[in-house]
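Notes follow once the structure below has been shown.
Per chain, numbering begins at 1; letters A, B, ... match sequence-line order.
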Amino acid sequence: MLNIKNIIAHMIAEKVDTLTVDELMDILEYPPNPDLGDVALPCFKLSRILKKSPVDIANELAETLPKSEYIDRIESTSGYLNFFVNRDIFIKETIDEILNKRAAYGSTNIGNGGNIVIDYSAPNIAKPFHIGHLRSTSIGNALYNIFEFTGYNCVGVNHLGDWGTQFGKLIVAYKRWGSKERVEKYQIKELMDIYVKYHEEAEKDPSLDDEARAWFTKMERGDTEALELWQWFKDISLKEFSRIYDLLDIKFDSYAGESFYNDKMDAIVDELKEKDLLIESEGALMVDLDEYNMPPCLILKRDGSTLYATRDITAAIYRKNTYDFDKCIYVTSAGQSLHFKQWFKVIELMGYDWADRLVHVPFGTISIGGEKMATRAGKVILLEDVLNEAIEKTLSIIEEKNPDLEDKEEIARQIGVGAVIFSDLSNNRIKDISFSWEEILNFDGETGPYVQYTHARACSVLSKADNKVDFSFDSSLITTKEEYNLAKRLSLFPATVIEAMEDLEPSIITRYLVDLAQDFNRFYHNHSILNVEDENIRKGRLALTQATKITLENGLKLIGLKAPERV
RNA sequence: GCGCCUGUAGCUCAGCUGGAUAGAGCAACGGACUUCUAAUCCGUAGGCCAGGGGUUCGAAUCCCUUCAGGCGCGCCA
């Protein structure tokens, strides 16, 4: 991998033996204005160590640093040491590497085959898949791809919410207001309707809740009728979910949900007892976390039934035994942060040294016009509606601009769905999102369709050249500002992937793609690729175009988007 | 009350473990399609980086504090 910072850090380390290459890598930065240089060393920190003024240090280094074929010249400017890289070599090596590695450009093996369990999506059975569920799904899926790309082996787990008192409620609702015919006809919509009705009625008549609890207890005791209804509701939900996952092109390696751990929790409760971690309070059992400045972690309710934490602890131990993970990652809303901190601590107190491999990846809440979405109140925007809306809009744009496009239904799906996922992965995870139809259906500017369009544009140029791209281009003919900026951007992709992996932050890739697309479009707009007289310039620009196409495609795939060749 | 998160252009957001003149997109206005796909590009305008202290050669960035908003705090997940 051609890494300019790395090369420069080595150069400096030869001269300044008080700093290591790694430390220098940290200090080196990219100047705000490319006219100043390609890489800069601010000398203010060295000033104290070397007991000289920053200006003197920069001046001295500018004269004494060893020559390198990669560096054209070095300038000292008011305490900064600015490096100007040799563009010929830099562009040549960057493009060569991309053309050689193709789909593997940007990948690394830092994971060394270690296992990563990623727990994401996890919708609740019998509830509709709404826009709020998208975040966990899209972030988890992107992290899955990013970890695979950096040399890990991922296990994607969909920890379905398929157990709990809401099923008691649903059974009560079904028995009172539902019918087999209606459920078979309207599927999850009907389940949602009767669930909403249940909550309306329960407001007036709290005895319904007792009834619901009784049904759930029946489920736990293995009552046939209760379990058959539960299984039926579950099948209906899974059918709906897999339709949505197909649309999104997202897959899981395991669907072991909450019910999977029903028979595994007793042993864990026993283990907690043996390890003397449980205390009793008002009939419930809990782990006291007072000395860690946290409220206690509830393990068993007064009636002896289990809780969320019980299940999570059990699942973590199961996953450790089954997958021997390097990391187990939970992609859930930021509102659950305390819960995770609590039970991670319990795992630690149980004496498991792998407690520090459990990672919570929180994300912000999605709201509509300032209001939280609530299934119970029926106030939701269904993800499928959003996806279909986006696909429809894409299709109408295609009809207008490129009606002869082959396979337009599928391409419209790829772009429409891409617009929704891209928008979801645009901001830092932790930021709250206010859902807006206008924004999610906007295909201009920093959007998925923009990046996909740019990719297709590159593909179109390449196909007009019969995809004849070879390595025999002369990089000294690639001289314009736009070409150089594009090459620089391309060279940053591998470091960007690593950063996204370390920060568990897919938006880093998303934003990189926008920057890359912008750089390519500026290049494309300012310079002809095919219609240039000089055959060698043409070759160089085609190589640059091909390198862009590859990098855009690799990046899009990481965040879970397709890269259609035509749009 | 305690804890966590957020506050940057009219709106949505970038800004790396502190570095040179705070950047994009949307919206607005003005330009560019007989030429490789205009889902594009170029330009104009838009800022007391919530307020106040502090640390530093240097702060949007780190520390303290105030304010505003969001979320959480033993039998939901």
Note to self: Counting only side-chain heavy atoms from C-beta out, which of C36(B), U37(B), A20(B) sits nearest to Pro31(A)?
What the structure shows: A20(B)
Notebook entry, point to check: Looking at the rings of Phe167(A) and Phe216(A), which for Trp means the six-membered one, are their centres under 6.0 Å apart?
Noted result: no
Next item on the list: Evaluate the ring planes of Phe493(A) and Tyr512(A), with Trp represented by its six-membered ring, and classify them as parallel (under 30°), tilted (30 to 60°) or perpendicular (over 60°).
Entry: tilted
Next item on the list: Answer syn or anti for G7(B), where the cut-off is 90° from 0 on the glycosidic torsion.
Entry: anti
Notebook entry, point to check: Rounded to whole angstroms, how far apart are CG on Asn521(A) and P on G25(B)?
Noted result: 12 Å
Next item on the list: Could you state the atom-to-atom distance from NZ of Lys464(A) to C1' of U35(B) in whole Å?
Entry: 12 Å
Note to self: Checking contacts here: which listed nucleotide (U12(B), U17(B), C36(B)) is nearest the side-chain heavy atoms of Ser528(A)?
What the structure shows: C36(B)
Check: If pairing requires Watson-Crick or G-U wobble contacts with both distances under 3.5 Å, which nucleotide is the partner of C75(B)?
Finding: none
Note to self: With a 4.0 Å cutoff (strictly under), does any side-chain N or O of Arg511(A) reach OP1 or OP2 of G15(B)?
What the structure shows: yes
Check: Taking atom CD1 of Ile4(A) and atom CG of Leu28(A), what is their separation to the nearest 0.5 Å?
Finding: 11.0 Å
Check: If you measure from the P atom in G46(B) to the same atom in A22(B), how many Å do you get, rounded?
Finding: 14 Å
Next item on the list: Report, as a single string ordered 5' to 3', how protein heavy atoms within less than 4.0 Å touch nucleotides 70-77 of chain B: B base, S sugar-phosphate only, - not at all.
Entry: SSSSBBSB
Notebook entry, point to check: Distance between the P atoms of A9(B) and G54(B), in whole angstroms?
Noted result: 25 Å
Next item on the list: Among the candidates C36(B), A24(B), U37(B), find the nucleotide nearest to the side-chain atoms of Arg457(A).
Entry: U37(B)
Note to self: Less than 4.0 angstrom from a charged side-chain N to a carboxylate O is my criterion; do Arg541(A) and Glu483(A) meet it?
What the structure shows: yes
Item checked: Of Val567(A) and Pro42(A), the one whose closest RNA chain B nucleotide lies more 5' -> Pro42(A)
Note to self: Testing the 3.5 Å rule here: is there a donor-acceptor pair between the side chains of Ser507(A) and Asn427(A)?
What the structure shows: no
Margin query: Mind checking if Arg522(A) touches a base, just sugar-phosphate, or nothing, with heavy atoms under 4.0 Å?
Written below: sugar-phosphate
Next item on the list: Can you tell me the pairing partner of C67(B) across any strand shown, Watson-Crick or G-U wobble, with both distances under 3.5 angstrom?
Entry: G7(B)
Next item on the list: Would you classify Ile398(A) as touching base, sugar-phosphate or nothing, given that sugar-phosphate means primed atoms plus P, OP1 and OP2, and contacts are heavy atoms under 4.0 Å?
Entry: base
Check: Rounded to the nearest Å, what distance is computed from the NE2 atom of residue His525(A) to the P atom of nucleotide C33(B)?
Finding: 9 Å
Item checked: Watson-Crick/G-U partner (both atom distances under 3.5 Å) of A28(B) -> U44(B)
Notebook entry, point to check: OP1, OP2 of A14(B) versus side-chain N and O of Asn428(A): anything below 4.0 Å?
Noted result: yes
Note to self: Regarding Ser460(A), tell me which of base, sugar-phosphate or nothing describes its non-hydrogen contacts under 4.0 Å with the strands shown.
What the structure shows: base
Next item on the list: Take atom P in G7(B) and the same atom in U61(B), then report the distance between them in whole Å.
Entry: 12 Å
Next item on the list: For nucleotides 5-10 of chain B, just jot down a letter per nucleotide in 5' to 3' order: B, S or -, based on protein non-hydrogen atoms under 4.0 Å.
Entry: SSS---
Notebook entry, point to check: Between A20(B), U21(B), C36(B), which nucleotide has the shortest distance from any of its atoms to the side chain of Ile529(A)?
Noted result: C36(B)
Note to self: Using a strict threshold of under 4.0 Å (side-chain N to carboxylate O), is an ion pair present between Glu565(A) and Lys549(A)?
What the structure shows: yes
Check: Expressed in angstrom and rounded to an integer, what is the separation of Asn526(A) atom CG from C41(B) atom C1'?
Finding: 8 Å
Check: Where does C64(B) land, syn or anti, given syn is within 90° of 0?
Finding: anti
Check: How many Å lie between OH on Tyr30(A) and C1' on A22(B), as a whole number?
Finding: 20 Å
Check: Side chains of Glu438(A) and Ser436(A): is there a donor and an acceptor less than 3.5 Å apart?
Finding: no
Notebook entry, point to check: C33(B) C1' sits how many Å from Tyr524(A) OH, rounded?
Noted result: 11 Å
Item checked: Spacing of the C1' atoms in A24(B) and C4(B) (rounded, Å) -> 30 Å
Margin query: Between A27(B) and Asn442(A), counting only base atoms on the nucleotide and side-chain atoms on the residue, is there a donor-acceptor pair under 3.5 Å?
Written below: no
Exercise answer: donor-acceptor pairs, residues 34-45 of chain A side-chain atoms, under 3.5 Å, sequence neighbours excluded:
from	atom 1	to	atom 2	distance (Å)
Asp38(A)	OD1	Tyr484(A)	OH	2.8
Asp38(A)	OD1	Lys488(A)	NZ	3.3
Asp38(A)	OD2	Val85(A)	N	2.8
Asp38(A)	OD2	Tyr484(A)	OH	3.1

Check: Do NZ/NE/NH1/NH2 and the carboxylate oxygens of Glu409(A) and Arg413(A) come within less than 4.0 Å?
Finding: no
Check: Using the ring of each side chain (for Trp, its six-membered ring), is Tyr261(A) parallel, tilted or perpendicular to His159(A), with breaks at 30° and 60°?
Finding: tilted
Note to self: Rounding to an integer number of angstrom, what distance separates U37(B) and U44(B) when you compare their C1' atoms?
What the structure shows: 28 Å
Check: In whole angstrom, what separates Ile366(A)'s CD1 from U12(B)'s P?
Finding: 14 Å
Check: Expressed in angstrom and rounded to an integer, what is the separation of Asp424(A) atom CG from U12(B) atom P?
Finding: 17 Å
Check: Given Phe260(A) and Tyr318(A), is the ring pair (Phe, Tyr, Trp, His ring centres under 6.0 Å) satisfied, shown in steps?
Finding: CA-CA 11 Å; Phe260(A) 178 78; Tyr318(A) 172 84; 5.1 Å; yes
Check: When you check the side-chain N and O atoms of Gln336(A) and Tyr308(A), is any donor under 3.5 Å from an acceptor?
Finding: yes
Checklist line | Closest-nucleotide 5' rank along RNA chain B - winner of Ala40(A) and His527(A) | finding: Ala40(A)
